[in-house]
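Below is one structure, written out as structure tokens, with a few remarks after it.
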Amino acid sequence: MASPVTPSARYNTMIHLHGIHKTYFGAQPLHVLKGIDLDIAEGELVSIMGASGSGKSTLLNILGILDDYDEGEYSLAGTLIKDLSETRAAEYRNRLIGFIFQSFNLIGFKTAVENVELPLFYQGVSRKKRHQMAMEELAKMGLTDWAEHYPNEMSGGQRQRVAIARALVTRPKIILADEPTGALDSKTGVEVMELLKRLNREEGITMVIVTHDPNVAAQTNRIIRIKDGVIEE
Amino acid sequence: MIDLDSYHELLETLLRNKTRSFLTGFGVFWGVFMLVALMGGGAGMKEMLSNNFEGFATNSAIIWAQPTTKPYHGFRKGRMWTLSTSDIQRLQEQVPQIDVVSPMLNKWGVQAVNGDNKFNANVKGLLPNYAKVETPKLYYGRYINDMDIAQQRKVCVIGKRVYKTLFPQGGDPCGQLVRLDSVYYTVIGVDYSTGNMSVNGTADESVAIPLSLMQRAFNRGDEIEMIAITARPGTTINDITPRIREVIARAHHVDPADEKSVMVFNTEVLFGMMDNLFDGVDLLIWLVGIGTLLAGAIGVSNIMMVTVKERTTEIGIRRAIGATPRVILTQIISESILLTAVAGMTGILFAVMILQMMELGFTEDGIVQSHFQVTFWIAVGAAALLAALGVLAGLAPAARAMAIKPVDAMREE
């Protein structure tokens with residue numbers, strides 16, 4: 001895979017945030033992030049915790065190149081992510097980042113395997129190849145038999161595993177998970193966490209999990225707590 | 001990415017909502033159908049109406065006598081008078097702008113007989129130059145010529161319906177005899193012209209005989225019933241009408257200002273009215289057709305807007321996992337084009353089919369009377385118009401889809 005990533009001196013630092021500020025300009029300007037400094041090394045499993053309104057979702061959006069920041073510097077895998085065009089942002093999201101959402105965000109009218117294929121479709125991978133890759137990924141999740149099923153025919157845990165397969169199929173540098181267990185019962189939530197931990201351990205994928213569940217946070221290597229737009233030490 | 005997959009995506013999206021796609025497409029279908037069908041139908045109607053005037057000189061006028069309405073030269077008003085043979089020469093000599101002066105006599109309800117077959121015909125006494133006023137379509141034989149006039153030959157040119165009735169077995173009737181009242185005439189030609197614009201009865205129910213013969217055989221002296229004239233190119237009938245009236249009136253002791261007595265019927269005015277009518281109809285067709293088509297396209301745009309709104313989450317997800325704005329733009333516009341094009345092509349097809357049926361319905365003896373079918377290039381033009389409309393209809397929804405941020409996908413929970 002031709003990677004747009006240019007190797008740099010800070011190879012071991014996967015995510016580097018320095019003095020990130022973000023303000024939402026609405027009727028009342030809202031200073032959400034007030035100078036975030038954060039480094040996450042390659043292969044780390046990190047959780048971000050914070051009360052609602054603390055800015056953790058905004059931080060996740062910035063990490064996921066879904067939103068811009070006003071001030072500071074964000075490098076992902078040695079690439080400075082700043083003032084990107086929509087097209088470049090889409091390309092980086094596609095190649096560098098895998099997303100896992102609380103509500104799975106699968107496309108309802110596509111089967112499990114088609115959902116997993118979609119990121120590859122946007123990379124221009126041929127139909128046969130991407131089908132094969134998607135099936136491999138689903139097999140890892142133990143969902144081979146469910147490949148041709150639609151999301152609404154599956155349980156929450158199965159859907160989340162499809163979403164994880166979709167996040168992993170492009171071999172991203174990092175996985176960003178937004179409350180991955182939030183919509184699951186505790187037993188399934190534990191299973192999904194076990195899965196994420198295993199992926200982190202065995203494949204060495206850097207993971208950032210946003211959560212407000214202390215049990216989930218406790219299973220990660222490092223807990224980053226955000227309060228009022230700054231990181232609490 | 002320009003491969004089967006893109007089309008697969010498109011079809012999938014459109015087919016997912018069959019009813020909606022169908023109803024949306026129907027607006028465009030109906031618009032195109034209306035436009036093409038009206039264009040073809042309008043042209044066909046125009047031709048049908050023009051057929052009525054076919055072969056009739058457009059710069060012509062008919063002159064005939066009516067009882068006077070004004071006293072003149074000591075005569076009271078209400079006096080009857082007739083045109084006479086000498087008027088022909090008068091007009092030719094005194095109104096130089098006149099090209100053809102063709103006098104005629106006629107008699108209605110004359111029984112034309114051939115064996116057991118009878119037809120109640122309209123007998124017209126004509127000169128050969130009448131062919132310049134109303135062009136005959138000779139199916140068999142020839143028209144009346146100068147020798148027929150000079151020798152007062154007992155010959156006749158029969159109209160289509162006369163021919164069909166008197167000679168039901170068909171074939172060339174030239175040389176056969178037809179009896180009118182008590183005199184036998186040799187058929188010299190069959191006139192197939194079917195125009196309804198004609199002087200004193202349509203050609204297809206008429207039997208034309210030499211004028212000189214008619215004056216004698218039907219006891220009309222040097223009386224003339226009507227004079228048809230055509231103006232020279234560059235002259236309008238309106239310009240010479242007063243002069244014509246003056247020349248005729250003076251010779252017959254009629255007040256030259258008596259417009260109701262010396263009737264000069266200007267066919268030019270009639271043709272002008274027809275032209276205006278057709279222009280109006282054309283304009284209406286375009287207005288209605290384009291209007292309907294636009295309404296259809298706006299319908300497509302509208303529905304696509306709703307669709308995009310409904311698909312905010314889906315589009316957001318796609319953006320989050322790597323769809324570039326261009327991919328989204330292409331998808332929405334392609335959907336719009338595909339929907340418009342498929343519906344529009346069906347409309348064109350359907351319209352062409354209907355027009356073809358109309359054309360078949362108006363075919364007589366294997367001759368197409370009226371061409372309803374649109375040309376190939378009109379169809380191509382309509383298709384191009386559709387593609388353009390498809391793009392236009394897709395623009396606003398695409399712009400809205402582009403504005404969807406991946407974050408929105410997560411907010412729409």
* Within a reach of under 6.0 Å around CG of Asn276(B), are more than 12 heavy atoms found that belong to other residues, nucleotides or ligands? -> yes

* Considering non-hydrogen atoms only, spot the tightest contact between Ala323(B) and Ala90(A) and give its length. => O-CB, 3.6 Å

* To do: Flag yes if more than 12 heavy atoms outside Lys129(A) fall under 6.0 Å of its NZ atom; otherwise flag no.
  => no

* Kindly compute the distance separating CD (Glu314(B)) from CG (Asn105(A)), expressed to the nearest 0.5 Å. => 11.0 Å

* Asked: Mind checking what makes salt bridge (charged side-chain N to carboxylate O under 4.0 Å, His left out) contact with Arg20(B), not counting sequence neighbours?
  -> Glu310(B)

Which donor-acceptor pairs under 3.5 Å do side chains of residues 279-297 of chain B form with protein atoms, sequence neighbours excluded?
| residue | atom | partner | partner atom | Å |
| --- | --- | --- | --- | --- |
| Thr292(B) | OG1 | Val288(B) | O | 2.5 |

* chain A contact via Arg318(B) - which portion, at a heavy-atom distance below 4.5 Å -> both

* State which residues pass ring-ring contact (aromatic ring centres under 6.0 Å, His included) with His21(A); sequence neighbours excluded, sorted by chain then number. => His31(A)

* Gap between atom CD1 of Ile97(A) and atom CD1 of Ile321(B) - 0.5 Å precision -> 13.0 Å

* Asked: Does atom CE of Met135(A) have more than 12 heavy-atom neighbours from other groups under 6.0 Å away?
  -> yes

* To do: Find out whether Val327(B) and Tyr122(A) are in side-chain contact, i.e. whether some heavy atom of one side chain is under 4.5 Å from a heavy atom of the other.
  => yes

* Would you say the side chain of Arg319(B) lies within less than 4.5 Å of the side chain of Arg93(A), judging by non-hydrogen atoms? -> yes

* To do: For Arg166(A) and Ile317(B), run side-chain contact (heavy atoms from CB on, under 4.5 Å): C-alpha distance rounded to whole Å, both residues' side-chain angles, the deciding distance at 0.1 Å, then the answer.
  => CA-CA 11 Å; Arg166(A) 183 179 66 186; Ile317(B) 296 169; 3.5 Å; yes

* When you look at CZ of Phe350(B), are more than 12 heavy atoms from neighbouring residues, nucleotides or ligands closer to it than 6.0 Å? -> no

* Inter-chain contacts: residues 113-120 of chain A against chain B, heavy atoms under 4.5 Å -> Glu114(A), Leu118(A), Pro119(A)

